[in-house]
Structure formats: C-alpha cells, structure tokens
Student: 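Before I ask anything, let me first share the structure, which is written out below as structure tokens.
What's counted below: heavy atoms across the whole structure, side chains too, no hydrogens, waters or symmetry copies.
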Amino acid sequence: MEGEAGGSVSCGSWIRRPENVNWVVLARVMTRPTSSSSSVIEIFSFDPNTTSLSSSPLARHELEESDGDPITIAVHPSGDCFVCSTTNGGCKLFELYGQETHLQLSTKELPPLLDAGPQKCLAFSVDGSRFAAGGVDGRLRILEWPTLRIIVDEVRAHKSFRDMDFSLDSEFLASTSTDGSARIWKTEDGVPLMTLARNSDEKIELCRFSKDGTKPFLFCTVQRGDKAVTAVYDISTWNKIGHKRLLGKPASVMSVSLDGKYLALGSKDGDICVVEVKKMEISHWNKRLHLGTSIASLEFCPSQR
C-alpha cells in the first residue's frame with residue numbers, strides 16, 4: 001500500500017465482522033497534501049483466497065489538517081467502531097454504518113481525550129467494556145466503554161508510554177515505558193497493582209498477555225545490553241518464570257493471535273518471526289519483509305492464518 005495515491009501507511013488494524021468477514025482499516029499520511037486534508041482513513045475488504053485487499057476502499061475519511069498525522073488505531077471487538085490517535089487532534093471515534101456495498105464512516109469526539117495530545121498506545125479490553133490510552137507524555141487514562149466514565153487518570157503513569165495490553169479476562173492492563181519499566185493495573189478501579197521486577201541492565205519494552213484461555217502468562221520483550229530476549233511472567237505471582245531468545249534482535253512490535261496459539265515479533269530492521277506459544281519455538285520467519293525499516297504495526301487476522 002505504501003506510496004499509493006501519494007501517501008504512506010502509518011498504522012492499521014483488522015476489523016472483525018460477523019460471519020468471519022474481515023476488513024482492514026489503514027491510516028495514510030499524504031506526501032502531497034490536498035487543500036482539505038493531509039491524512040486519510042480508509043477501510044478495505046480482505047480476500048482470504050488471494051490474501052489481498054480490495055483495489056479500492058469501502059469507505060474513506062479525510063482528516064482535518066489541524067488534526068495532524070495518525071499515530072495508532074484501536075478497533076472495538078464488536079467491529080462497529082474504532083479510535084484513532086493523531087499528532088495534534090487527540091483521539092477521534094469512528095463509527096461504521098451499513099454493509100460492504102454501502103459502508104459509511106461517521107466521526108465523534110471523545111470528550112475525555114479531546115485535547116489529550118498524542119497518544120502512543122490505544123487498546124480495548126477483550127470484552128469491549130474498557131478502553132485505555134497511554135500518552136507520549138506518560139499519562140494513562142482508562143475509560144468505561146461506551147459510557148466514557150473515567151476509571152483512572154494517572155498523570156505520571158510512565159515517563160512516556162511504549163506499549164500496553166489487556167489480559168484475556170479484561171481484569172488487568174500491562175503497560176511499558178520508554179525508560180524500560182513495566183507496570184500492572186487493575187482495570188476495575190485503576191489501582192496500580194505493581195511494577196515488574198527487572199535487573200539494572202534490563203529494559204522491558206513490549207508486552208502481550210497470553211490469549212489461549214489456559215494458564216495465563218504475560219510475554220515481554222526484554223533488552224539486556226545488546227541482547228534481546230522474550231520473557232514470560234506468571235500473572236498469578238507476576239514473577240518471571242523464564243526467557244528465550246527468539247527474534248535475536250530488538251523488537252519494535254509484538255502480537256498474539258486471537259486463539260492464543262501464536263506470538264509474532266517484528267524487528268526494527270524489517271524481520272518478522274511467528275512463534276508457537278505451546279513450544280515457544282519459531283514456526284515461521286520472514287527476513288527483510290520490510291527491508292531496513294522498523295515494523296510499526298503487526299496483527300494476526302482474526303479468522304485466518
């Protein structure tokens with residue numbers, strides 16, 4: 001998609017629809033801005049037989065120039081709406097109406113995040129009842145959804161957010177900071193539960209909860225000097241129970257499949273590896289998939305391999 005229509009994709013996500021139909025939402029930064037917009041949000045259909053997107057978008061929305069560029073997108077588990085963070089305009093809610101042949105996007109303001117500044121991390125809980133936003137400024141907000149009641153508004157949650165993820169039961173939120181620390185939060189009341197233990201030479205960078213419904217774990221990428229490993233924490237004690245060198249280089253993004261069977265890591269120089277969680281062994285490796293560039297978004301298709 002990069003370079004089409006004078007723009008490059010900055011972020012994207014799957015949209016899970018009924019009957020195993022999947023769409024993709026992409027945010028594109030225009031390199032040749034029009035008079036009305038510098039960035040666009042587009043939704044495409046996905047064909048699993050050809051593993052390709054539709055040649056033209058099902059729906060398209062031009063962002064106001066005052067909003068700036070899209071940073072990240074989080075899609076509600078229902079597939080009926082998504083939130084997009086921008087560099088200047090805080091966060092906007094996009095609601096989907098109609099079917100594939102006549103799809104429409106409408107936008108709404110999110111009052112608690114209207115002037116929140118750039119949000120590095122956005123996430124919906126697995127059950128769709130919570131929404132979390134972590135800012136470049138280190139501020140954490142957890143909202144009840146869809147009422148937007150503020151559960152927690154922690155100004156100094158981190159130095160600056162790096163990553164976040166909800167547990168399968170939506171009870172916990174894990175978050176990481178650019179300074180290498182990681183914290184666990186209770187989503188019901190926003191109480192900070194604990195800070196994960198680490199050695200002085202370790203930086204915890206990315207975090208994802210297991211999603212297979214068996215014994216729950218938290219996976220974290222950990223940088224030890226020039227060595228990168230993936231650590232596993234038991235969430236009943238929050239103790240680290242082991243680690244393994246998988247990608248073998250610093251990771252820029254991590255994802256877990258919807259059924260929890262696979263974990264994927266994307267590197268800062270364009271490699272991707274897929275790991276079978278049960279064995280913690282690499283089952284697939286794509287080198288130089290995005291040659292020389294840091295992978296920004298990585299997500300498993302909800303219903304396909």
Side-chain angles (χ1 to χ4, degrees), residues 11 71-72 74 85 117-123 132-142 152 154-167 172-186 192-211 216-235 237-256 263-275 277 280 282 285 287 290 292-299:
C11 56
I71 299 173
T72 188
S85 166
Q119 301 299 296
K120 177 66 171 64
C121 304
L122 303 177
V136 173
D137 60 0
R139 188 171 182 172
L140 171 67
R141 296 171 175 88
I142 302 178
V152 63
E154 179 61 52
V155 177
R156 297 180 181 87
H158 285 298
K159 180 180 179 181
S160 182
F161 269 80
R162 175 73 187 270
D163 198 14
M164 65 164 53
D165 191 40
F166 280 97
S167 61
F172 302 111
L173 178 78
S175 62
T176 64
S177 171
T178 54
D179 64 9
S181 63
R183 301 183 74 179
I184 307 298
W185 311 79
K186 290 197 70 174
L193 197 61
M194 69 174 306
T195 298
L196 292 183
R198 61 188 174 110
N199 296 329
S200 59
D201 63 340
E202 292 181 333
K203 292 186 70 174
I204 302 173
E205 298 190 330
L206 306 172
C207 58
R208 285 294 179 274
F209 282 97
S210 61
K211 298 287 195 295
F217 298 107
L218 175 67
F219 303 105
C220 294
T221 62
V222 180
Q223 195 71 27
R224 293 176 172 175
D226 60 351
K227 293 182 179 180
V229 299
T230 301
V232 183
Y233 295 80
D234 182 342
I235 75 169
T237 61
W238 300 110
N239 291 329
K240 184 164 64 175
I241 58 175
H243 68 269
K244 195 165 187 179
R245 193 171 185 182
L246 295 169
L247 190 61
K249 59 179 70 177
S252 59
V253 64
M254 178 163 56
S255 178
V256 172
L263 171 77
L265 294 164
S267 76
K268 296 179 180 179
D269 60 358
D271 291 0
I272 288 176
C273 76
V274 179
V275 177
V277 168
M280 284 302 284
I282 294 174
W285 198 317
K287 294 191 175 183
H290 297 272
T293 59
S294 182
I295 295 176
S297 296
L298 182 67
E299 189 178 355

Student: Can you measure from NZ (K211) to OG (S255) and round to the nearest 0.5 angstrom?
Tutor: 9.0 Å
Student: In sequence, state the C-alpha distance, the side-chain angles, and the governing distance for I184 and L173, and then conclude on side-chain contact (heavy atoms from CB on, under 4.5 Å).
Tutor: CA-CA 6 Å; I184 307 298; L173 178 78; over 6 Å; no
Student: With a 3.5 Å distance limit and no angle check, can you tell me whether S252 reaches the backbone of G266 through a side-chain donor-acceptor pair?
Tutor: yes
Student: May I have the step-by-step check of side-chain contact (heavy atoms from CB on, under 4.5 Å) for T221 and L265, ending in yes or no?
Tutor: CA-CA 9 Å; T221 62; L265 294 164; 3.7 Å; yes
Student: Can you measure from CE (M254) to CD1 (I295) and round to the nearest 0.5 angstrom?
Tutor: 14.0 Å
Student: Please lay out, stage by stage, how F161 and Q119 fare under the test side-chain contact (heavy atoms from CB on, under 4.5 Å).
Tutor: CA-CA 8 Å; F161 269 80; Q119 301 299 296; over 6 Å; no
Student: Kindly give the heavy-atom pair with the smallest separation between A197 and I204, and that separation in Å.
Tutor: O-CD1, 4.4 Å
Student: Using modelled atom types only, decide if a donor and an acceptor are shared between the side chain of K203 and the backbone of R224 within a distance under 3.5 Å.
Tutor: no
Student: Looking only at heavy atoms, which two atoms of K268 and A251 are closest? And how far apart?
Tutor: CE-O, 3.7 Å
Student: Could you work out, with salt bridge (charged side-chain N to carboxylate O under 4.0 Å, His left out) as the rule, every residue matching R139, not counting sequence neighbours?
Tutor: D153
Student: Could you tell me which residues satisfy side chain to side chain donor-acceptor pair (under 3.5 Å) with K227, sequence neighbours excluded, listed by chain and number?
Tutor: none
Student: Apply side chain to side chain donor-acceptor pair (under 3.5 Å) to S297 and list each qualifying residue two or more places apart in sequence or on a separate chain.
Tutor: none
Student: N239: which residues meet the side chain to side chain donor-acceptor pair (under 3.5 Å) condition with it, sequence neighbours left out?
Tutor: T237
Student: Where is the tightest heavy-atom contact between P250 and A228, given as atom of each residue plus distance?
Tutor: N-CB, 3.9 Å
Student: Nearest 0.5 Å please: distance from the CD1 atom of I142 over to the CD atom of E154.
Tutor: 10.0 Å
Student: Would a 4.5 Å heavy-atom cut-off, applied to side chains only, mark V275 and K244 as touching?
Tutor: no
Student: Rounded to the nearest 0.5 Å, what's the gap from CG on L196 to OG1 on T176? Could you check?
Tutor: 10.0 Å
Student: Mind listing the closest non-hydrogen atom pair of A296 and V253 along with its distance?
Tutor: O-CG2, 4.0 Å
Student: Using 0.5 Å steps for rounding, measure from the SG atom of C11 to the CD atom of E299.
Tutor: 11.5 Å
Student: Less than 4.0 Å between a side-chain N and a carboxylate O, is that true for E202 and K240?
Tutor: yes
Student: Might you work through the side chain to side chain donor-acceptor pair (under 3.5 Å) test for H158 and T178, ending with a clear yes or no?
Tutor: CA-CA 8 Å; H158 285 298; T178 54; over 6 Å; no
Student: What pairs with R141 under salt bridge (charged side-chain N to carboxylate O under 4.0 Å, His left out), at least two apart in sequence or on another chain?
Tutor: none
Student: Identify, with sequence neighbours excluded, every residue that meets salt bridge (charged side-chain N to carboxylate O under 4.0 Å, His left out) alongside E205.
Tutor: R162
Student: What residues, two or more places apart in sequence or in another chain, satisfy side-chain contact (heavy atoms from CB on, under 4.5 Å) together with D226?
Tutor: none
Student: Going by side chain to side chain donor-acceptor pair (under 3.5 Å), name the residues that satisfy it together with S181, two or more places apart in sequence or in a different chain.
Tutor: D179
Student: Please walk me through it: do L140 and S175 pass side-chain contact (heavy atoms from CB on, under 4.5 Å)?
Tutor: CA-CA 9 Å; L140 171 67; S175 62; 5.6 Å; no
Student: Heavy atoms only: give me the nearest L122-A133 pair and the separation to one decimal.
Tutor: CD2-CB, 3.7 Å
Student: K249: which residues meet the salt bridge (charged side-chain N to carboxylate O under 4.0 Å, His left out) condition with it, sequence neighbours left out?
Tutor: D269, D271
Student: For T230 and H243, test the side chains for any donor-to-acceptor distance below 3.5 angstrom and give the result as yes or no.
Tutor: no
Student: Output yes when a side-chain donor or acceptor of R183 lies under 3.5 Å from a complementary backbone atom of A157, and no otherwise.
Tutor: yes
Student: Considering residues at least two apart in sequence or located in another chain, which fulfil the ring-ring contact (aromatic ring centres under 6.0 Å, His included) criterion with F219?
Tutor: none
Student: Any chance you could measure K120, atom NZ, to I71, atom CD1, to the nearest 0.5 Å?
Tutor: 9.0 Å
Student: Side chain of R198, backbone of G180: donor and acceptor closer than 3.5 Å?
Tutor: yes
Student: Does F217 have any ring-ring contact (aromatic ring centres under 6.0 Å, His included) partners at least two apart in sequence or in another chain, and if so, which?
Tutor: none
Student: Output all residues satisfying side-chain contact (heavy atoms from CB on, under 4.5 Å) with I235, sequence neighbours left out; order by chain, then residue number.
Tutor: F172, F209, P216, L218, W238
